[in-house]
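Numbered from 1 within each chain, the chains take letters A, B, ... in sequence-line order.
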Amino acid sequence: MPELPEVETVRRDLAAALAGAVVAKVEASGARSIRRYPDPAPFAAALEGARLETFCRWGKYLLIGLDTQGVLVAHLRMSGQVLIAGSAAQPRPPHTHVVLDFEDGRQLRFVDPRTFGELFVTTPDLPELAGLGIDALAVDLPTFRGLLRSRRARLKPLLLDQRVVAGIGNIYSDEILWTARLRWYRRADHLRPVEVARLHGAIGSVLTSAVQHRGSSLGDAQYVDLQGRPGAYQERHAVYGREGGACVRCGHVIERTVVAQRSHFWCRGCQR
DNA sequence: AAGCACACCTGCTAGC
DNA sequence: TGCTAGCAGGTGTGCT
């Protein structure tokens with residue numbers, strides 16, 4: 001589900017809602033959500049009594065800095081949601097696996113039907129995230145050029161590779177390629193300089209616009225924000241999920257093909 | 001290095 | 001109406 005814009009929306013809302021909040025109690029009933037811990041007690045102990053101080057994001061990882069020098073890391077994978085509740089009395093959604101109780105009575109809930117997501121507490125140097133590429137909203141053009149120079153990978157798998165640039169998933173890779181007017185199978189090291197610049201510009205413009213519209217929620221509403229509300233960027237998708245529709249730029253029919261075992265949506269009329 | 005197949009899960013939908 | 005196959009926003013591993 002969530003890619004960079006959705007995680008960034010959650011990050012901003014968390015910062016506004018929970019800066020300074022102190023964890024009173026942790027309930028971790030879903031073992032898979034804290035799978036790095038053979039036993040839930042150390043996970044709870046790392047959080048109980050801690051004050052939430054900073055709210056950062058790196059790619060699709062949410063990073064909450066604690067006053068204990070620890071960092072709570074969350075990755076939502078396909079179906080994870082972070083929801084805030086005004087009180088413990090508010091009914092819990094199905095598949096609520098981890099609950100943080102705050103001193104003021106509010107709760108933060110980690111809900112995840114497919115249980116691919118996870119939470120853990122680590123040190124500020126984030127050893128578990130070694131190898132993750134530069135954040136997609138932080139990469140400048142010269143750096144991006146350098147990243148592509150020696151890569152023989154095709155553009156779609158390259159954009160999805162979190163070791164190169166972090167934060168882009170299946171929806172936004174298609175929107176970025178359409179915006180840059182490039183086909184998925186172009187090789188990174190064969191792009192002309194003007195095409196590299198277009199791709200870099202498209203990463204910035206698509207992700208920034210998606211953040212402004214609070215991310216994309218598809219029909220099954222797996223992605224919702226902290227308050228359970230959907231995003232609005234899906235209304236602006238040019239290609240993703242629009243198979244058979246008309247390209248808003250050139251009028252050709254949007255096609256769907258399978259690339260790297262994922263659905264890929266594109267326009268043969270204006271993507272080269 | 002790159003690409004593929006598959007694994008991890010549940011839920012929803014399209015098609016029979 | 002009821003069943004089943006296929007599909008889903010992500011990543012990790014193991015194999016060519």
Practice task
Could you tell me whether the side chain of Arg154(A) has a donor or acceptor atom within less than 3.5 Å of a complementary atom in the base of dA2(B)?
Solution key: no
Problem - Base of dG10(C) and ring of Phe116(A) stacked, centres under 5.5 Å, planes under 30° - result: yes
Could you tell me the separation between the [atom1] atom of [X] and the [atom2] atom of [N], rounded to a whole number of Å?
{"X": "Leu218(A)", "N": "dG9(C)", "atom1": "CG", "atom2": "C1'", "result": "6 Å"}
{"X": "Leu132(A)", "N": "dG12(C)", "atom1": "CG", "atom2": "C1'", "result": "14 Å"}
{"X": "Gln261(A)", "N": "dA7(B)", "atom1": "CD", "atom2": "P", "result": "11 Å"}
{"X": "His95(A)", "N": "dC12(B)", "atom1": "NE2", "atom2": "P", "result": "8 Å"}
{"X": "Arg186(A)", "N": "dA2(B)", "atom1": "CZ", "atom2": "C1'", "result": "18 Å"}
{"X": "Asp112(A)", "N": "dA8(C)", "atom1": "CG", "atom2": "P", "result": "18 Å"}

Exercise for the section: For nucleotides dG11(B) and dT1(C), find the distance between their P atoms and express it as a whole number of Å. Expected result: 22 Å
Exercise for the section: Take the angle between the ring planes of His237(A) and Tyr172(A) and call it parallel below 30°, perpendicular above 60°, tilted in between. Expected result: perpendicular
Problem - Plane angle bin for Phe144(A) and His200(A) - parallel if under 30°, tilted between 30 and 60°, otherwise perpendicular - result: tilted
Exercise for the section: Tell me the partner of dT1(C), counting only Watson-Crick (N1-N3 plus N6-O4 or O6-N4) or G-U wobble (N1-O2 and O6-N3) with both under 3.5 Å; none if nothing fits. Expected result: none
Practice task
May I ask you to say what Gln162(A) touches in the nucleic acid, namely base, sugar-phosphate or nothing, with a heavy-atom cut-off under 4.0 Å?
Solution key: sugar-phosphate
Practice task
Tell me what Tyr172(A) touches on the nucleic acid: a base, only sugar-phosphate, or nothing, going by heavy atoms under 4.0 Å.
Solution key: nothing
Problem - N or O in side chain of Lys60(A) less than 4.0 angstrom from dG9(C) OP1/OP2 - result: no
Problem - Below 4.0 Å: OP1/OP2 of dA8(C) and any side-chain N or O of Arg114(A) - result: no
